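The structure under discussion appears below in the form of structure tokens.
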Amino acid sequence: MQFDKIDAYCPRNKMIFGVNHMHRYRTHNCGELSEKNENVRVKISGWVHRKRDHGSLLFVDLRDHYGLTQCVIDTSDSAFSIVESLRNESVVTITGLVKKRSDETVNNNLKTGQIEVLIEEIIVQSEAEMLPLQVNSDDDAGEETRLRYRYLDLRRTRPHNNIVLRSKIIQSIRNRMIEQGFSEFQTPILTASSPEGARDFLVPARLHPGKFYALPQAPQQFKQLIMMAGFEKYFQIAPCFRDEDSRADRSPGEFYQLDLEMSFVEQEDVFATVEPVIAGVFEEFSGKKIDLNFEHISYADSMLKYGNDKPDLRIPIEIADVTDIFRGSDFSIFAKNIEKGAVVRAIPGPKCGSRAIADRMNSWAQSEGAAGLGYIIYSNEEAKGPVAKALGQKKSNEIKSKLSLEDGDAAFFSCAFEKEASSLAGRARVRIGTEQELIDETVFKFCWIVDFPMFEKDELTGKIEFSHNPFSMPQGGMEALNTKDPLEIKAWQYDLVCNGVELSSGAIRNHLPEVMYRAFEIAGYGPEVVDEKFPAMINAFKFGAPPHGGIAPGIDRIVMLIAQEPNIREIILFPMNGKAEDIMMSAPSLVDEKQLNELHIRKTSSSQKIS
RNA sequence: GGGGGUGUAGCUCAGUUGGUUAGAGCGCUGGCCUGUCACGCCAGAGGCCGCGGGUUCGAGUCCCGUCACUCCCGCCA
């Protein structure tokens, strides 16, 4: 045991029998020492981040969660050989005197760069073997190595900071929700499989042979039932489980939502609740400008102007429908397709008025699976290119003024059935925005996509289906369901979009049993289906259900945007790989026959082949 | 399930029209160095060129298959 009276005022030390007792591992962390601590004997613990060995003088950068402190030892010291032989990432405890550095040796890049610790004693707590990845390097190792040794990867500055950022963002969201009077509740993880939505993860029920729990895809029904229970304002940082394939912005298996639900509200009330929370955290953590104007865009407008339901409003390009201009024109490919029901969407291409750019866009469109991308180039008060030639100057100039184009610009055309034409136009819009560097990277622009259709027609079967959430309230209620063309009915259903990323989806819910039965009837399900598949909800609606609605912003996507990481795995502590495996923990894994027997599970021949 | 990209030293990557003994940086081992902070210098070890087959006098390089990782489509109320 060390006894030391020099830093008796250090709060980490204890007074025992009137003698100051130095803490076993640290009196200070590696990020807090400064000139103020000059000549104080301190103890710090951490990882050997890097060594600079000058033969008879050796520097060690000691790292912990809080920072980096340079420690020095010279050859005259007995501990020198221990320090010299230490491998990077070994964990040590160093005791020594804090010394102010001379002016020439101050390192202003380091928080503790004004001082260094003269090593008097070093205790090796844990030795490191040769490392599979370099912790002190900014260069990423391969993804597989990083995930297999995630605990090493997470020591690195950027991954470490991302996870801390995530924690702070979640904390801030919690505070903001609680300040608005919301209560945080936990909902079951083992629940019932629900027919709507994605594929479920199933958990065999030991006590019920042949039956399964499912992990919740979202606490959707529970949060509505919480409203039935009269709690009024609920939220949860909720784990959600969906057995779907991964993407760069979609972690396989599990993710987190800020799940929230409110009673006695309309759409605008939900918006007014969510906007300050989202804008607030983006403002607090991102350092970018936040456009506080949460524009409302109808689903139909969004599909037309932006070609998708998650527009990136930073791109100053709006798509226009020009079907009428091409109808019956001499540009026969389009004219013929229009006769068959196709539409033509025009995408303005600012500063794209060159043959090279037009050709590049065309071959890009072909690589996207389209027949091509028509174009008109406007230069010297003339419309050029094969489309302009067939269409004539008059109609070409009509397009020019409709799109507000100038000489030096181009118009691109996507001609197909509506869904495909608008989709390609939307992708072309993003492509032009990216290639021409029209995206303002310093701002977050939010919008609400509203008025989603309640139903849609399955293109293959012609069947009417719920286009989004079957629990949403149709606009116009029962009357609309009974009198309107189902495909014309809108739902009180909304998405929150930021910079082209779908952050969130929500709705005012249908709380009326008769409207619920009618909506399902339109989608081809009898009342017995509703009773069987959603027994809790439909029953609860029959005992006094408050009108209610909510939303569920994706936590991972919010953190991704704020951290400016293009891959969702960068902001998750222990993510799975693209095939939904945790290669660090070896999940999924084979289990004992005994476990399977208890669960009444027998493997099929195909799964036995694998084992 | 389908399409694209990648696979070479512990890690990150280079490797020409197919042609001697496959290279670099970091890391590792040893040596030198008293003010560095991505310290510097010298030397060394380390390779089933993802795997299997084919073409060829000769394959890291070309062809076929296969596996792994990754991005995208499908899927994601």
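In this text, all values refer to a predicted model and were calculated from it rather than measured experimentally. Note on naming: letters A, B, ... go to the chains in the order of the sequence lines (proteins, then strands), and numbering restarts at 1 for each one.
Between the base of B/G74 and the side chain of A/R247 there is a donor-acceptor pair shorter than 3.5 Å. Applying the 3.5 Å distance criterion, the base of B/C39 shares no donor-acceptor pair with the side chain of A/R50. You won't find any donor-acceptor pair under 3.5 Å spanning the side chain of A/E129 and the base of B/G10, going by distance alone. For B/C75, the base has a donor-acceptor partner in the side chain of A/R250 [N/O atoms by modelled type, under 3.5 angstrom]. Between the base of B/U34 and the side chain of A/R52 there is no donor-acceptor pair shorter than 3.5 Å. Scanning atom types as modelled, no donor and acceptor separated by under 3.5 angstrom connect the side chain of A/Q134 and the base of B/U12.
Nucleotides B/U29 and B/G10, compared at atom P, are 15 Å apart to the nearest Å. As rounded to the nearest Å, B/U8 and B/U70 have P atoms that lie 15 Å from one another. Distance noted for atom C1' between B/U20 and B/G15: 15 Å (whole Å). With both ends at atom P, the span from B/C64 to B/G5 equals 12 Å, rounded to whole Å. To the nearest whole angstrom, the two P atoms, one in B/C49 and one in B/C11, are 15 Å apart. Atom name P, nucleotides B/C69 and B/C32: the rounded distance is 46 Å, in whole Å. Rounded to the nearest Å, the gap between the P atom of B/G60 and that of B/G7 is 15 Å. Using atom P as the reference point in both B/A59 and B/G50, the two lie 15 Å apart (nearest Å).
B/G35 atom C1' lies 18 Å from atom NZ of A/K51, rounded to whole Å. In this structure, A/D495 places its CG atom 15 Å from P of B/C76, rounding to the nearest Å. Atom pair A/D53:CG and B/G27:P shows a separation of 12 Å (rounding to whole Å applied). For the pair A/E581 CD and B/A68 P, the interatomic distance rounds to 9 Å; values are reported in whole Å. Rounded to an integer number of Å, the gap from A/I583 CD1 to B/U70 P is 8 Å. With rounding to whole Å, A/L68 atom CG is found 10 Å from B/A38 atom P. With rounding to whole Å, A/D140 atom CG is found 15 Å from B/C26 atom C1'.
B/G18 is unpaired under the Watson-Crick or G-U wobble criterion, no partner having all donor-acceptor distances under 3.5 Å. Under the Watson-Crick or G-U wobble criterion, with both distances below 3.5 Å, B/C49 has no partner in any strand shown. B/C69 and B/G5 make up a base pair, with Watson-Crick or G-U wobble contacts both under 3.5 Å. The partner of B/G10 is B/C26, judged by Watson-Crick or G-U wobble contacts that both fall below 3.5 Å. Base pairing of B/C33 is not made with any nucleotide, judged by Watson-Crick or G-U wobble geometry with both donor-acceptor distances under 3.5 Å. Pairing partner, B/G60: none, since no Watson-Crick or wobble contact has both distances short of 3.5 Å.
Contact annotation for A/R101: base contact, defined as any heavy-atom pair under 4.0 Å involving a base atom. Using a 4.0 Å heavy-atom cutoff across all strands shown, A/D245 reaches at least one base atom of the nucleic acid. Within 4.0 Å of A/D138, counting heavy atoms only, lies no atom of the nucleic acid at all. Note on A/E144: only backbone sugar-phosphate atoms sit closer than 4.0 angstrom, heavy atoms only; bases stay farther off. Among the heavy atoms of the strands, none lies under 4.0 Å from A/D200. The residue A/G142 sits close only to the backbone: its heavy atoms come under 4.0 Å of sugar-phosphate atoms, none of a base.
Comparing A/E116 and A/L147 by the nucleotide of RNA chain B whose heavy atom lies nearest to each, the residue mapping closer to the 5' end is A/E116. Positionally, the nearest nucleotide of RNA chain B for A/E84 lies more toward the 5' end than for the other of A/F471 and A/E84.
Checked against side-chain hydrogen bond (donor to acceptor under 3.5 Å, both in side chains), A/N362 has no partners two or more places apart in sequence or in another chain.
Salt-bridge formation is not detected for the pair A/E254/A/R242: no Lys NZ or Arg NE/NH1/NH2 atom is positioned less than 4.0 Å from an Asp or Glu carboxylate oxygen.
Comparing B/G35, B/C76, B/C71 against the side chain of A/R242 picks out B/C76 as the nearest. Comparing B/U34, B/C28, B/C69 by their nearest atom to the side chain of A/M130 picks out B/C28. Of the candidates B/C71, B/U29, B/U36, B/C71 carries the atom nearest the A/A248 side chain, counting heavy atoms from C-beta on.
Using a 5.5 Å limit on the distance between ring centres and a 30° limit on the angle between planes, the aromatic ring of A/H54 does not count as stacked on the six-membered base ring of B/U36.
Taking the six-membered ring where the residue is Trp, the centroids of A/F520 and A/F534 are separated by under 6.0 Å. Side-chain rings of A/F455 and A/F466 approach one another, their centers coming within less than 6.0 Å.
Put simply, A/N567 has a side-chain N or O that comes within less than 4.0 Å of OP1 or OP2 on B/C71. An OP1 or OP2 oxygen of B/U12 is reached within less than 4.0 angstrom by no side-chain nitrogen or oxygen of A/R146. Contact annotation: A/N136 side-chain N/O to B/A38 OP1/OP2 distance is not under 4.0 Å. In terms of phosphate contacts, A/S56 brings a side-chain nitrogen or oxygen within less than 4.0 Å of OP1 or OP2 of B/U34.
Using modelled atom types and a 3.5 Å distance limit, the side chains of A/Q70 and A/R52 yield a donor-acceptor pair. For the residue pair A/S302 and A/D309, no side-chain donor N or O sits within less than 3.5 Å of a side-chain acceptor on the partner.
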Q: List the steps and the verdict of ring-ring contact (aromatic ring centres under 6.0 Å, His included) for A/F241 and A/F255.
A: CA-CA 7 Å; A/F241 306 90; A/F255 60 97; 8.5 Å; no
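A/K51 contributes no side-chain N or O that, together with a main-chain N or O of A/F59, makes up a donor-acceptor pair within less than 3.5 Å.
Counting only residues at least two apart or in different chains, side chain to side chain donor-acceptor pair (under 3.5 Å) contacts with residues 506-516 of chain A comprise A/E261-A/R509.
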